[in-house]
Amino acid sequence: MGNQFELAKKEYEQWGIDVEEALEKLKNIPISVHCWQGDDIGGFEVNKNELSGGIEVTGNYPGKARTPEELRMDLEKAFSLIPGKHRVNLHAIYAETDGEVVDRDKIEPKHFEKWVKWAKEQGVGLDFNPTLFSHEKAADGLTLAHPDPKIRQFWIDHCIASRKIGEYFGRELGTPCLTNIWIPDGYKDIPSDRLTPRKRLKEALDEIFAVEIDEAYNIDSVESKLFGIGSEAFVVGSHEFYLNYALANNMLCLLDTGHYHPTEVVSNKISSMLLFNDKLALHVSRPVRWDSDHVVTFDDELKEIALEIVRNDALDKVMIGLDFFDASINRVAAWTIGTRNMIKALLYGLLMPNEQLKELQEKGDFTKRLAIMEEFKTYPFGAIWNHYCEQMNVPEKEHWLEEIDQYEKEVLSSRK
Ligand code: RNT
Ligand code: ZN
(Lines give C-alpha, C1' and ligand atoms only; values in the text may rest on other atoms or scores of the structure.)
(Ligands and ions follow the chains in the order given, each with its own letter.)
Protein backbone atom coordinates (compact mmCIF):
# COMPACT_ATOMS: atom_id res chain seq x y z
CA MET A 1 0.00 0.00 0.00
CA GLY A 2 2.67 2.49 1.13
CA ASN A 3 4.61 1.76 -2.01
CA GLN A 4 1.61 2.51 -4.20
CA PHE A 5 1.31 5.87 -2.51
CA GLU A 6 5.00 6.66 -3.01
CA LEU A 7 4.80 5.78 -6.70
CA ALA A 8 1.65 7.82 -7.18
CA LYS A 9 3.14 10.76 -5.32
CA LYS A 10 6.16 10.75 -7.66
CA GLU A 11 3.90 10.98 -10.68
CA TYR A 12 2.18 14.06 -9.30
CA GLU A 13 5.48 15.55 -8.18
CA GLN A 14 6.73 15.47 -11.73
CA TRP A 15 4.18 18.19 -12.33
CA GLY A 16 5.33 20.16 -9.33
CA ILE A 17 2.27 19.14 -7.31
CA ASP A 18 3.01 18.95 -3.60
CA VAL A 19 0.96 15.95 -2.50
CA GLU A 20 1.68 16.31 1.22
CA GLU A 21 0.64 19.94 1.11
CA ALA A 22 -2.56 18.99 -0.69
CA LEU A 23 -3.35 16.46 2.05
CA GLU A 24 -2.67 19.07 4.75
CA LYS A 25 -5.06 21.47 3.05
CA LEU A 26 -7.69 18.78 2.72
CA LYS A 27 -7.60 18.10 6.47
CA ASN A 28 -8.73 21.64 7.10
CA ILE A 29 -11.74 21.78 4.80
CA PRO A 30 -14.89 21.21 6.81
CA ILE A 31 -17.94 19.77 5.11
CA SER A 32 -21.27 20.57 6.71
CA VAL A 33 -23.06 17.24 6.94
CA HIS A 34 -26.85 17.60 6.95
CA CYS A 35 -28.49 15.76 9.82
CA TRP A 36 -31.71 15.18 7.86
CA GLN A 37 -30.36 12.28 5.77
CA GLY A 38 -30.54 10.24 8.97
CA ASP A 39 -34.30 10.40 9.50
CA ASP A 40 -35.81 11.45 6.17
CA ILE A 41 -36.24 15.10 7.29
CA GLY A 42 -38.56 13.98 10.08
CA GLY A 43 -37.28 15.95 13.06
CA PHE A 44 -38.37 15.55 16.67
CA GLU A 45 -41.22 17.95 17.17
CA VAL A 46 -43.85 16.78 19.62
CA ASN A 47 -46.64 17.37 17.12
CA LYS A 48 -44.86 16.09 14.10
CA ASN A 49 -46.32 16.94 10.68
CA GLU A 50 -45.92 15.16 7.37
CA LEU A 51 -43.04 16.36 5.22
CA SER A 52 -44.20 19.26 3.06
CA GLY A 53 -42.67 22.13 1.12
CA GLY A 54 -42.58 20.37 -2.22
CA ILE A 55 -39.62 18.18 -1.34
CA GLU A 56 -39.81 14.41 -1.25
CA VAL A 57 -37.96 11.54 0.38
CA THR A 58 -38.62 8.16 -1.20
CA GLY A 59 -37.76 4.68 0.03
CA ASN A 60 -38.37 2.67 3.17
CA TYR A 61 -35.02 1.16 4.06
CA PRO A 62 -35.23 -0.01 7.66
CA GLY A 63 -33.32 1.55 10.53
CA LYS A 64 -34.02 5.25 10.37
CA ALA A 65 -33.19 7.24 13.47
CA ARG A 66 -36.26 7.74 15.66
CA THR A 67 -34.79 9.83 18.44
CA PRO A 68 -32.10 12.52 18.77
CA GLU A 69 -29.92 9.95 20.53
CA GLU A 70 -30.20 7.54 17.61
CA LEU A 71 -29.55 10.30 15.10
CA ARG A 72 -26.42 11.43 16.93
CA MET A 73 -25.24 7.86 17.25
CA ASP A 74 -25.70 7.31 13.50
CA LEU A 75 -23.85 10.53 12.74
CA GLU A 76 -21.00 9.38 14.95
CA LYS A 77 -20.88 6.13 13.02
CA ALA A 78 -20.74 7.99 9.70
CA PHE A 79 -18.05 10.35 11.02
CA SER A 80 -15.95 7.36 12.03
CA LEU A 81 -15.87 6.37 8.34
CA ILE A 82 -15.28 9.84 6.88
CA PRO A 83 -11.77 11.33 6.98
CA GLY A 84 -11.32 14.71 8.72
CA LYS A 85 -13.24 16.92 11.15
CA HIS A 86 -16.50 18.24 9.84
CA ARG A 87 -19.68 20.05 10.83
CA VAL A 88 -23.30 19.08 11.39
CA ASN A 89 -26.14 21.00 9.80
CA LEU A 90 -29.36 21.05 11.84
CA HIS A 91 -32.89 22.15 11.07
CA ALA A 92 -35.21 23.79 13.58
CA ILE A 93 -37.37 20.64 13.70
CA TYR A 94 -34.50 18.86 15.44
CA ALA A 95 -35.14 20.85 18.63
CA GLU A 96 -35.43 18.84 21.85
CA THR A 97 -38.24 20.19 24.00
CA ASP A 98 -38.66 17.39 26.55
CA GLY A 99 -42.16 16.52 25.46
CA GLU A 100 -43.35 20.12 25.66
CA VAL A 101 -45.10 21.59 22.63
CA VAL A 102 -43.03 24.57 21.53
CA ASP A 103 -44.15 26.19 18.31
CA ARG A 104 -41.53 27.28 15.81
CA ASP A 105 -41.74 30.97 16.64
CA LYS A 106 -40.87 30.15 20.26
CA ILE A 107 -37.78 27.97 19.87
CA GLU A 108 -34.77 28.96 21.93
CA PRO A 109 -31.12 28.04 22.33
CA LYS A 110 -32.03 25.85 25.32
CA HIS A 111 -33.86 23.48 22.98
CA PHE A 112 -30.54 22.73 21.34
CA GLU A 113 -28.40 22.32 24.44
CA LYS A 114 -27.99 18.61 23.91
CA TRP A 115 -26.84 19.11 20.33
CA VAL A 116 -24.30 21.67 21.52
CA LYS A 117 -23.02 19.40 24.27
CA TRP A 118 -22.65 16.59 21.76
CA ALA A 119 -20.98 18.86 19.18
CA LYS A 120 -18.44 19.90 21.82
CA GLU A 121 -17.68 16.27 22.63
CA GLN A 122 -17.30 15.44 18.96
CA GLY A 123 -15.30 18.56 18.18
CA VAL A 124 -17.62 19.58 15.35
CA GLY A 125 -19.20 22.92 14.49
CA LEU A 126 -22.94 23.33 13.95
CA ASP A 127 -24.90 25.04 11.19
CA PHE A 128 -28.59 25.80 11.25
CA ASN A 129 -31.77 26.24 9.22
CA PRO A 130 -35.18 27.55 10.20
CA THR A 131 -37.81 25.03 9.05
CA LEU A 132 -40.47 26.71 6.94
CA PHE A 133 -42.29 23.55 5.89
CA SER A 134 -43.97 20.51 7.50
CA HIS A 135 -46.21 22.81 9.53
CA GLU A 136 -49.88 23.83 9.42
CA LYS A 137 -48.91 27.45 8.79
CA ALA A 138 -47.05 26.35 5.66
CA ALA A 139 -49.99 24.33 4.33
CA ASP A 140 -50.83 26.91 1.66
CA GLY A 141 -47.36 26.60 0.19
CA LEU A 142 -46.62 30.16 1.32
CA THR A 143 -44.70 31.34 4.38
CA LEU A 144 -42.70 34.59 4.33
CA ALA A 145 -44.60 35.65 1.21
CA HIS A 146 -48.03 34.70 2.55
CA PRO A 147 -50.71 37.37 2.01
CA ASP A 148 -51.89 36.94 5.61
CA PRO A 149 -49.73 39.21 7.80
CA LYS A 150 -50.23 36.94 10.84
CA ILE A 151 -48.80 33.93 9.04
CA ARG A 152 -45.97 36.02 7.68
CA GLN A 153 -45.20 37.32 11.16
CA PHE A 154 -45.12 33.80 12.57
CA TRP A 155 -42.45 32.81 10.06
CA ILE A 156 -40.52 36.05 10.50
CA ASP A 157 -40.40 35.32 14.23
CA HIS A 158 -39.28 31.77 13.52
CA CYS A 159 -36.41 33.02 11.36
CA ILE A 160 -35.33 35.55 13.98
CA ALA A 161 -35.43 32.86 16.67
CA SER A 162 -33.35 30.65 14.39
CA ARG A 163 -30.66 33.30 13.88
CA LYS A 164 -30.39 33.60 17.66
CA ILE A 165 -29.90 29.86 17.90
CA GLY A 166 -27.21 30.15 15.23
CA GLU A 167 -25.50 32.83 17.30
CA TYR A 168 -25.64 30.57 20.33
CA PHE A 169 -24.03 27.71 18.35
CA GLY A 170 -21.26 30.00 17.14
CA ARG A 171 -20.53 31.37 20.58
CA GLU A 172 -20.56 27.99 22.29
CA LEU A 173 -18.56 26.14 19.69
CA GLY A 174 -16.03 28.79 18.72
CA THR A 175 -16.84 28.54 15.03
CA PRO A 176 -19.48 30.67 13.32
CA CYS A 177 -22.76 29.00 12.44
CA LEU A 178 -24.19 29.37 8.95
CA THR A 179 -27.92 29.93 9.30
CA ASN A 180 -29.57 29.35 5.96
CA ILE A 181 -33.08 30.40 5.02
CA TRP A 182 -34.92 28.37 2.45
CA ILE A 183 -38.66 28.76 1.94
CA PRO A 184 -40.95 26.69 -0.25
CA ASP A 185 -43.17 29.59 -1.36
CA GLY A 186 -44.56 29.41 -4.84
CA TYR A 187 -47.52 28.61 -7.06
CA LYS A 188 -48.53 25.47 -8.88
CA ASP A 189 -49.81 27.41 -11.83
CA ILE A 190 -49.05 30.56 -13.77
CA PRO A 191 -49.21 33.56 -11.46
CA SER A 192 -51.15 36.67 -12.36
CA ASP A 193 -48.79 38.74 -10.23
CA ARG A 194 -45.19 37.84 -9.59
CA LEU A 195 -44.17 41.11 -8.05
CA THR A 196 -46.42 41.30 -5.00
CA PRO A 197 -45.29 38.01 -3.39
CA ARG A 198 -41.66 38.90 -4.10
CA LYS A 199 -42.14 42.31 -2.55
CA ARG A 200 -43.60 40.65 0.55
CA LEU A 201 -40.67 38.24 0.75
CA LYS A 202 -38.21 41.12 0.47
CA GLU A 203 -39.93 43.01 3.27
CA ALA A 204 -40.12 39.92 5.47
CA LEU A 205 -36.40 39.27 5.00
CA ASP A 206 -35.65 42.90 5.81
CA GLU A 207 -37.46 42.46 9.13
CA ILE A 208 -35.62 39.23 9.87
CA PHE A 209 -32.20 40.71 9.18
CA ALA A 210 -32.93 44.01 10.92
CA VAL A 211 -32.31 42.15 14.18
CA GLU A 212 -28.63 42.55 15.03
CA ILE A 213 -26.85 39.27 15.50
CA ASP A 214 -23.13 39.07 16.10
CA GLU A 215 -21.50 38.19 12.79
CA ALA A 216 -18.60 36.61 14.62
CA TYR A 217 -21.00 33.86 15.68
CA ASN A 218 -23.70 33.71 13.05
CA ILE A 219 -23.47 34.06 9.27
CA ASP A 220 -26.69 34.40 7.25
CA SER A 221 -27.41 32.87 3.88
CA VAL A 222 -30.41 32.64 1.57
CA GLU A 223 -31.16 29.71 -0.74
CA SER A 224 -33.09 30.01 -3.98
CA LYS A 225 -35.06 27.41 -5.86
CA LEU A 226 -36.39 26.88 -9.36
CA PHE A 227 -39.47 24.77 -8.68
CA GLY A 228 -40.89 22.29 -6.22
CA ILE A 229 -43.69 19.74 -6.15
CA GLY A 230 -46.77 21.95 -6.14
CA SER A 231 -44.80 25.07 -7.07
CA GLU A 232 -43.98 24.07 -10.62
CA ALA A 233 -44.92 27.34 -12.28
CA PHE A 234 -43.45 29.88 -9.91
CA VAL A 235 -41.15 30.11 -6.93
CA VAL A 236 -41.03 33.42 -5.06
CA GLY A 237 -37.41 33.06 -3.92
CA SER A 238 -35.84 32.52 -7.32
CA HIS A 239 -32.12 32.66 -8.09
CA GLU A 240 -32.24 36.27 -9.30
CA PHE A 241 -34.26 37.28 -6.28
CA TYR A 242 -31.71 35.99 -3.78
CA LEU A 243 -28.67 36.81 -5.86
CA ASN A 244 -29.68 40.45 -5.70
CA TYR A 245 -30.94 40.28 -2.15
CA ALA A 246 -27.71 38.76 -0.86
CA LEU A 247 -25.50 41.21 -2.71
CA ALA A 248 -27.52 44.24 -1.69
CA ASN A 249 -27.61 43.15 1.95
CA ASN A 250 -24.13 41.78 2.35
CA MET A 251 -25.05 38.21 3.14
CA LEU A 252 -24.30 34.87 1.58
CA CYS A 253 -26.07 33.42 -1.37
CA LEU A 254 -26.41 29.66 -1.07
CA LEU A 255 -26.39 27.68 -4.29
CA ASP A 256 -28.03 24.25 -4.18
CA THR A 257 -26.86 22.11 -7.10
CA GLY A 258 -30.39 20.79 -7.62
CA HIS A 259 -32.03 24.20 -7.90
CA TYR A 260 -31.25 25.15 -11.49
CA HIS A 261 -32.31 24.19 -14.98
CA PRO A 262 -31.18 20.69 -15.93
CA THR A 263 -28.17 21.74 -18.00
CA GLU A 264 -27.27 24.72 -15.83
CA VAL A 265 -24.42 23.96 -13.45
CA VAL A 266 -23.27 25.46 -10.17
CA SER A 267 -19.60 24.91 -11.09
CA ASN A 268 -19.97 27.61 -13.73
CA LYS A 269 -21.41 30.08 -11.24
CA ILE A 270 -18.75 29.96 -8.53
CA SER A 271 -16.18 32.24 -10.20
CA SER A 272 -18.79 34.89 -11.02
CA MET A 273 -20.15 34.76 -7.50
CA LEU A 274 -16.70 35.15 -6.01
CA LEU A 275 -15.98 38.26 -8.05
CA PHE A 276 -18.79 40.05 -6.27
CA ASN A 277 -19.08 38.28 -2.90
CA ASP A 278 -16.50 37.55 -0.23
CA LYS A 279 -18.12 34.24 0.55
CA LEU A 280 -20.74 31.91 -0.77
CA ALA A 281 -22.39 28.73 0.44
CA LEU A 282 -23.26 25.48 -1.29
CA HIS A 283 -25.74 22.68 -0.88
CA VAL A 284 -24.12 19.91 -2.83
CA SER A 285 -26.78 17.52 -3.98
CA ARG A 286 -27.43 15.38 -7.07
CA PRO A 287 -30.47 16.12 -9.16
CA VAL A 288 -31.58 13.20 -11.32
CA ARG A 289 -34.07 14.56 -13.88
CA TRP A 290 -35.44 16.88 -11.22
CA ASP A 291 -34.42 18.23 -7.82
CA SER A 292 -34.38 14.66 -6.54
CA ASP A 293 -31.63 15.02 -3.92
CA HIS A 294 -29.86 11.76 -4.72
CA VAL A 295 -26.70 10.87 -2.81
CA VAL A 296 -23.73 12.79 -4.19
CA THR A 297 -21.51 10.67 -6.44
CA PHE A 298 -17.99 11.29 -7.73
CA ASP A 299 -19.28 12.60 -11.03
CA ASP A 300 -18.04 15.24 -13.43
CA GLU A 301 -20.01 18.09 -11.91
CA LEU A 302 -18.81 17.29 -8.40
CA LYS A 303 -15.20 17.30 -9.62
CA GLU A 304 -15.80 20.54 -11.51
CA ILE A 305 -17.23 22.21 -8.39
CA ALA A 306 -14.22 21.11 -6.37
CA LEU A 307 -11.84 22.25 -9.11
CA GLU A 308 -13.47 25.68 -9.19
CA ILE A 309 -13.13 26.07 -5.43
CA VAL A 310 -9.46 25.08 -5.58
CA ARG A 311 -8.58 27.04 -8.75
CA ASN A 312 -10.16 30.20 -7.45
CA ASP A 313 -8.24 29.85 -4.22
CA ALA A 314 -11.57 29.84 -2.44
CA LEU A 315 -11.24 27.03 0.09
CA ASP A 316 -11.98 29.49 2.88
CA LYS A 317 -14.62 31.40 0.93
CA VAL A 318 -16.97 28.63 -0.11
CA MET A 319 -18.85 27.03 2.74
CA ILE A 320 -19.54 23.52 1.57
CA GLY A 321 -22.68 21.82 2.82
CA LEU A 322 -24.45 18.71 1.63
CA ASP A 323 -28.13 18.27 0.93
CA PHE A 324 -29.39 14.88 -0.13
CA PHE A 325 -31.85 12.42 1.30
CA ASP A 326 -32.28 8.88 0.19
CA ALA A 327 -34.44 6.50 2.21
CA SER A 328 -33.99 3.58 -0.18
CA ILE A 329 -30.50 2.68 1.06
CA ASN A 330 -28.76 2.42 4.42
CA ARG A 331 -28.82 6.03 5.66
CA VAL A 332 -25.46 5.89 7.44
CA ALA A 333 -23.95 4.57 4.21
CA ALA A 334 -25.65 7.41 2.30
CA TRP A 335 -23.88 9.98 4.50
CA THR A 336 -20.61 8.10 4.19
CA ILE A 337 -20.76 7.78 0.41
CA GLY A 338 -21.82 11.37 -0.24
CA THR A 339 -19.41 12.98 2.21
CA ARG A 340 -16.44 10.85 1.20
CA ASN A 341 -17.18 11.79 -2.39
CA MET A 342 -17.18 15.49 -1.61
CA ILE A 343 -13.83 15.18 0.14
CA LYS A 344 -12.49 12.96 -2.62
CA ALA A 345 -13.47 15.57 -5.22
CA LEU A 346 -11.64 18.27 -3.29
CA LEU A 347 -8.54 16.09 -3.23
CA TYR A 348 -8.94 15.52 -6.96
CA GLY A 349 -9.06 19.28 -7.46
CA LEU A 350 -6.01 19.82 -5.26
CA LEU A 351 -4.01 17.28 -7.28
CA MET A 352 -4.57 18.85 -10.68
CA PRO A 353 -1.81 20.91 -12.32
CA ASN A 354 -4.04 23.95 -12.10
CA GLU A 355 -1.30 26.54 -12.63
CA GLN A 356 0.02 24.90 -15.77
CA LEU A 357 -3.49 24.45 -17.15
CA LYS A 358 -4.23 28.14 -16.57
CA GLU A 359 -1.05 29.09 -18.42
CA LEU A 360 -1.95 26.87 -21.34
CA GLN A 361 -5.29 28.59 -21.61
CA GLU A 362 -3.73 32.04 -21.44
CA LYS A 363 -1.33 31.08 -24.21
CA GLY A 364 -4.23 29.83 -26.28
CA ASP A 365 -2.88 26.28 -26.33
CA PHE A 366 -6.22 24.53 -26.14
CA THR A 367 -4.82 21.28 -27.55
CA LYS A 368 -2.54 20.78 -24.56
CA ARG A 369 -5.15 22.09 -22.14
CA LEU A 370 -7.56 19.37 -23.24
CA ALA A 371 -4.89 16.68 -23.51
CA ILE A 372 -3.50 17.26 -20.00
CA MET A 373 -6.94 17.48 -18.44
CA GLU A 374 -7.82 14.14 -20.02
CA GLU A 375 -4.57 12.41 -19.07
CA PHE A 376 -4.95 13.48 -15.46
CA LYS A 377 -8.22 11.63 -15.25
CA THR A 378 -6.26 8.38 -15.12
CA TYR A 379 -3.42 9.52 -12.88
CA PRO A 380 -3.13 7.29 -9.79
CA PHE A 381 -5.48 9.41 -7.74
CA GLY A 382 -6.94 6.39 -5.91
CA ALA A 383 -3.62 5.57 -4.26
CA ILE A 384 -3.42 9.07 -2.78
CA TRP A 385 -7.01 8.91 -1.59
CA ASN A 386 -6.43 5.52 0.06
CA HIS A 387 -3.34 6.86 1.77
CA TYR A 388 -5.30 9.84 3.06
CA CYS A 389 -7.97 7.56 4.55
CA GLU A 390 -5.31 5.44 6.21
CA GLN A 391 -3.56 8.51 7.59
CA MET A 392 -6.86 9.82 8.95
CA ASN A 393 -7.67 6.46 10.57
CA VAL A 394 -10.76 5.66 8.57
CA PRO A 395 -11.25 2.54 6.45
CA GLU A 396 -9.68 2.53 3.01
CA LYS A 397 -11.52 1.79 -0.20
CA GLU A 398 -14.76 -0.14 0.29
CA HIS A 399 -13.73 -1.54 3.68
CA TRP A 400 -15.98 0.94 5.47
CA LEU A 401 -18.86 -1.20 4.23
CA GLU A 402 -17.90 -3.94 6.67
CA GLU A 403 -18.52 -1.53 9.51
CA ILE A 404 -21.84 -0.49 8.03
CA ASP A 405 -22.90 -4.13 7.79
CA GLN A 406 -22.01 -4.70 11.40
CA TYR A 407 -23.76 -1.52 12.51
CA GLU A 408 -26.83 -2.54 10.59
CA LYS A 409 -26.85 -5.94 12.26
CA GLU A 410 -26.14 -4.72 15.76
CA VAL A 411 -27.99 -1.41 15.85
CA LEU A 412 -30.19 -0.47 12.90
CA SER A 413 -31.99 -3.78 12.44
CA SER A 414 -33.55 -3.62 15.91
CA ARG A 415 -35.29 -0.30 15.13
CA LYS A 416 -38.88 -0.93 14.18
C1 RNT B 1 -35.11 22.27 -0.62
C2 RNT B 1 -33.82 22.87 -0.22
C3 RNT B 1 -33.52 22.83 1.25
C4 RNT B 1 -33.90 21.52 1.91
C5 RNT B 1 -33.40 21.36 3.31
C6 RNT B 1 -34.06 20.26 4.03
O7 RNT B 1 -35.23 22.12 -1.98
O8 RNT B 1 -32.78 22.30 -0.93
O9 RNT B 1 -32.19 23.15 1.47
O10 RNT B 1 -33.45 20.44 1.16
O11 RNT B 1 -33.49 22.55 3.97
ZN1 ZN C 1 -30.77 22.78 -0.33
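Counting convention: from 1, in listed order, for ligands and their atoms alike. These values consider heavy atoms only, across backbone and side chains, with no hydrogens, waters or symmetry-generated copies.
Classification of Lys225 and Asp291 as a salt-bridged pair holds, one side-chain N sitting under 4.0 Å from a carboxylate O.
Shown here is Leu275, whose CG atom has more than 12 heavy atoms of other residues, nucleotides or ligands within 6.0 Å. Atom NZ of Lys358 is surrounded by more than 12 heavy atoms from other residues, nucleotides or ligands within 6.0 Å.
The side chain of Asp291, and not its backbone, has at least one atom closer than 4.0 Å to an atom of ligand 1 (non-hydrogen atoms only; side chain from C-beta on). Within the 4.0 Å heavy-atom criterion, the part of His283 lying near ligand 1 is the side chain and not the backbone.
Within Glu223, the N, O or S atom lying nearest to the Zn ion (ligand 2) carries the name OE2.
For atom 7 (O) of ligand 1, the nearest non-hydrogen atom of the protein is Lys225 NZ, 2.6 Å. For atom 9 (O) of ligand 1, the closest non-hydrogen atom on the protein side is Glu223 OE1, 2.8 Å. In terms of protein heavy atoms, atom 11 (O) of ligand 1 is closest to His91 NE2, 2.7 Å.
The closest side-chain donor-acceptor pair between Tyr407 and Asn330, if any, does not fall under 3.5 angstrom.
Considering the Zn ion (ligand 2) as centre, the angle to OD2 of Asp256 and to OD2 of Asp323 is 90° (10° rounding).
Each of Leu26, Leu23, Asp18, Ile309 was evaluated against Leu350; a single residue qualifies, Leu26, per the side-chain contact (heavy atoms from CB on, under 4.5 Å) test.
Among the backbone and side-chain atoms of His283, an N, O or S atom lies under 2.8 Å from the Zn ion (ligand 2).
Of the N or O atoms in His259, one or more lie within a sub-3.5 Å distance of an N or O in ligand 1.
The ligand atoms of ligand 1 that sit less than 4.0 angstrom from a heavy atom of Ile55 are 1 (C), 7 (O).
Checked against a 6.0 Å centroid threshold, the rings of His91 and Phe128 do not count as neighbours. His294 and Phe324 have their aromatic ring centers separated by at least 6.0 angstrom.
When Thr131, Asp323, Ile181 are ranked by how near their heavy atoms come to atom 3 (C) of ligand 1, first place goes to Asp323.
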